[in-house]
Amino acid sequence: MAMGLIEKGLVMIFLCTAFHVSTILGNVYKVGDDAGWTSVGNFDYHTWSSSKTFDVGDIIYFEYTPGDHNVIEVNHTDYRTCNQSRPVVTYTSGNDSITIKQRGHYYFICGIPGHCEEGQKVDIRVYPDSSTQPSKAAPSAPAPSKSNRVSTLSFMALLGKLSTVVVIFHGFTY
Ligand SMILES: *[C@@H]1O[C@H](CO)[C@@H](O)[C@H](O)[C@H]1NC(C)=O
Ligand SMILES: *[C@@H]1O[C@H](CO)[C@@H](O)[C@H](O)[C@H]1NC(C)=O
Ligand SMILES: *[C@@H]1O[C@H](CO)[C@@H](O)[C@H](O)[C@H]1NC(C)=O
């Protein structure tokens with residue numbers, strides 16, 4: 001009886017761990033960080049995105065009050081001219097998570113009149129191969145390794161997830 005419960009618990013740990021590991025493979029980037037997605041305050045989204053190293057599997061998260069803003073993916077031409085007449089995809093929830101599925105250069109603008117012109121536009125560049133990405137540091141001072149940063153972040157996230165699993169396990173057996 002007790003063994004059966006423990007075995008079920010172990011299976012549950014395995015399933016939960018497998019599930020959680022699969023959800024922490026990508027980083028989540030909130031556009032604008034604390035500023036969010038806004039036309040107020042002349043936030044420089046290009047500088048924001050240039051400071052990140054995006055990769056396939058990462059999630060780009062736009063947070064805003066629905067109706068006050070939106071997110072329209074456009075091509076480079078329409079990004080430069082703030083033209084929303086040919087949207088690739090339109091998002092309006094205020095909680096828009098976009099998973100990067102392949103490498104490339106992605107362009108998003110706010111479609112509320114005037115907002116893109118005020119600077120509410122962001123380009124997300126996912127380099128063809130992160131090892132060939134131009135270094136932002138001087139040649140004599142190599143940029144910090146992305147893989148170290150990612151593995152540290154993933155490890156921290158994993159610790160958080162595992163504590164959840166342990167709680168579930170205890171709840172299951174006792
Ligand atoms: C954007 O789309 C328009 C219409 O299809 C096209 O004329 C323009 O060349 C495109 N721009 C880029 C950079 O692909
Ligand atoms: C946006 O693009 C469409 C399609 O090319 C064009 O008809 C329209 O004039 C453009 N609008 C602006 C404001 O440039
Ligand atoms: C986004 O989702 C969170 C959590 O589900 C919720 O609390 C928040 O109100 C949502 N925001 C918008 C703008 O829908």
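Quick note: numbers below take in every heavy atom, side chains included, and nothing from hydrogens, waters or symmetry partners. Note that ligands are numbered from 1 as they come in the structure, with each ligand's atoms numbered from 1 the same way. Numbering of residues begins at 1 and proceeds along the displayed sequence.
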Notebook entry, point to check: Looking only at protein heavy atoms, which one is nearest to atom 4 (C) of ligand 2, and how far off is it?
Noted result: Arg86 NH1, 3.5 Å
Next item on the list: Number the atoms of ligand 2 from 1 as they appear, then name those within less than 4.0 Å of a heavy atom of Ser85, with their elements.
Entry: 1 (C), 2 (O), 3 (C), 4 (C)
Notebook entry, point to check: Does the side chain of Asn83 pick up a donor-acceptor pair with the side chain of Ser85 at under 3.5 Å?
Noted result: yes
Notebook entry, point to check: Would you say Cys116 and Cys110 have SG atoms less than 2.5 angstrom apart?
Noted result: no
Margin query: Show me which atoms of ligand 1 lie under 4.0 Å from any heavy atom of Asn75.
Written below: 1 (C), 2 (O), 3 (C), 8 (C), 10 (C), 11 (N), 12 (C), 14 (O)
Notebook entry, point to check: Who gets closest to atom 8 (C) of ligand 2 by heavy atom: Asp78, Thr77, Asn83, Thr81?
Noted result: Asn83
Checklist line | Distance filter under 4.0 Å to His76 heavy atoms, resulting ligand 1 atoms | finding: 13 (C)
Notebook entry, point to check: Are the side chain of Asp96 and the backbone of Phe62 linked by a donor-acceptor contact shorter than 3.5 Å?
Noted result: no
Note to self: Below 4.0 angstrom, counting only protein heavy atoms, does anything approach atom 11 (N) of ligand 1?
What the structure shows: yes
Note to self: If we ignore hydrogens and angles and just use 3.5 Å, is the side chain of Lys121 paired with the main-chain N or O of Cys82 as donor and acceptor?
What the structure shows: no
Notebook entry, point to check: Which word best sums up how the rings of Tyr107 and His105 line up, parallel for under 30°, tilted for 30 to 60°, or perpendicular for over 60°?
Noted result: parallel
